[in-house]
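Have a look at the structure below before the remarks.
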Amino acid sequence: MDLVNIRKILITESVAPGCKIALEENGIEVVEKRNLSKDELIAEIEEYGGLIVRSATKVTAEVIDAAQNLKIIGRAGTGVDNVDVNAATKKGIVVMKNESRNKCTNQKYKCFRHIPQAFASMKAGEWDRKRFMGEELYGKTLGIVGLGRIGKEVAIRMQSFGMKTIGFDPVIPAEVSASFGVQQMPLTQLWPLCDFITVHTPLMPSTAGKSSGIKFSMCNSSLCVFSCWAFRAQVLLGHSNYNLFGGNCIETAVSFIQHEPPKNRLLINHPNVISCPHLGASTVEAQERCGQDIANQIVELIQGKALVGAVNSQALTSALAPEIQPWIKLGEALGALLKACAGQKNSHVKITTLGASLKNAGSYLTAAVAMGLLKGACQNINLVNALILAKEAGLMVTADHSATILGSKDGACAVETSLSGTSRKVIGSVQSGVPVLLELNGARFRQHVPLVGKLLLYKSLRDPQTVSLVAGLLANAGIYVEAYSVSLAADGEQWSILGISSLLEDVNILSAHVKAAVQLAI
Ligand SMILES: O=C(O)[C@H](O)COP(=O)(O)O
């Protein structure tokens, strides 16, 4: 995998020194340049294979476009909303974040006792005990929106204050959240039960502006404190005119602002808002963990050992497992073979994984087949961007699974496309770590054909003379036959596959003797 070629990484923010040390110990050159302007970053980025950022560096599509050699964007932290993940994915760049190491720090804001306001009043020479009456957490109900890593940590800690924790998450199953003491329910049921609400959703297109979905009118009167910790405040800003404060929300804590530093100060200046300059993960310990972890994650990927924390590279994650790698090669080979047989015009390619052992293989096999189909046509195609580039090329690649096994072999992959009513189908498998062809357009191979090297395929009558004729023509062109396989006959015709020493300049020189001749290099 050419991800191993990362030799130079740029760090653009204050990341703990352990990050640079760990990378350098693994032979990676590290350059630290902080506070780069957008133009400076664009001018700088081209020579780097990796980029490490926190939340201040905006890794926009423009930056990614200029990043000709970039393979990894590492976020020393959790939120990746400052990275254009779609643009990175399209370019085949892995976007990786810390898996868990700043989550404990990220959820420690407190606003229940009005400490910041009371502190400010003391500094101003006041002595007002009544104005800052707080609330106990004990016995109160906390509604947690977003029950991922941070939401879970918040739940566990708040339970130790004697709080009842309820919540909602569209992804985490109810039985999983129940295991850490959070009963899930639809949001409309949740709002009226909450004394406090805390939101721990990332900022993504699907969550941006989602606070407008919060029904403040349904919340528990006057006790409902909207407490926003580890989420991007754009989720809150989506609420029209911040009128949550005009309703029954009495206080809110905000750690993240969409534009940092904030240009629009409406939210910050509101008397019921406690805010700080994005300090959620700013402790010495959290930063040391984040820096060290992102360095380790990058090194592990470069060494092909593991892919941890990637947000856009599901197929690549599987591809690192040694037992999966031959299947990735098979997918690529079948894609290339189908393209050679069916030409460029296939618009819908269906992949069917066969047998229980490949039940979950669709995710990486579809990407691998797409790579094979587009090889040569697209530059820098890899498992990260293959499906996106296929879609852009007008190719729909879909995956299906069947428990049926082919003969006695559990684990095969069928790739098919239909052109003007004629179906083209290739079926392959992996034998002793080598990708092999089992069937070509309905014709089975008794001796499975290794899908490696340069191959010449053609269809001919069941006639032993043809292979000598073809071999003679190849020899005239200085090409030698290294392997020969022939399918079982179907309708009196057979497919022959020859391993050849180099590709023919023009495969049509065989057309007087054989049909449907194609050649490919795998
Ligand atoms: O997403 C995170 O990890 C927190 O928002 C911290 O961001 P920071 O690394 O910019 O402090």
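The first residue in the sequence is number 1, and the count goes up from there. Just so you know, ligand 1 is whichever comes first in the structure, and atom 1 is the first atom listed for that ligand.
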Side chain or backbone, does [X] bring an N or O within less than 3.5 Å of an N or O on ligand 1?
X   : answer
T78 : yes
R54 : yes
S55 : yes

Please confirm whether the backbone N or O of [Y] pairs with a side-chain atom of [X], one donor and one acceptor, at under 3.5 Å?
X    : Y    : result
K359 : S402 : no
R75  : N98  : no
Q68  : D65  : yes

Item checked: Per-residue contact class, A56 against ligand 1 - non-hydrogen pairs under 4.0 Å ->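 Under 4.0 Å from ligand 1, A56 contributes no heavy atoms.
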Notebook entry, point to check: Does ligand 1 have an atom that lies less than 4.0 angstrom from a heavy atom of R75?
Noted result: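 Yes; R75 lies near enough to ligand 1 that a heavy-atom distance drops under 4.0 Å.
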Margin query: Within the structure, is a non-hydrogen atom of C290 found at a distance of less than 4.0 Å from ligand 1?
Written below: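 Checking ligand 1 against C290, which is what was asked, there is no heavy-atom contact under 4.0 Å.
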Item checked: Contacts of type side-chain hydrogen bond (donor to acceptor under 3.5 Å, both in side chains), residue E288, not counting sequence neighbours ->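 Counting only residues at least two positions away or on another chain, E288 forms no side-chain hydrogen bond (donor to acceptor under 3.5 Å, both in side chains).
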Note to self: I need the atoms of ligand 1 closer than 4.0 Å to a non-hydrogen atom of A76, numbered in the order shown.
What the structure shows: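 Close to A76: 9 (O).
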Notebook entry, point to check: Taking the side chain as C-beta and beyond, is there a heavy-atom pair between F161 and Y138 under 4.5 Å?
Noted result: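 In short, these two side chains do not touch, never coming nearer than 4.5 Å.
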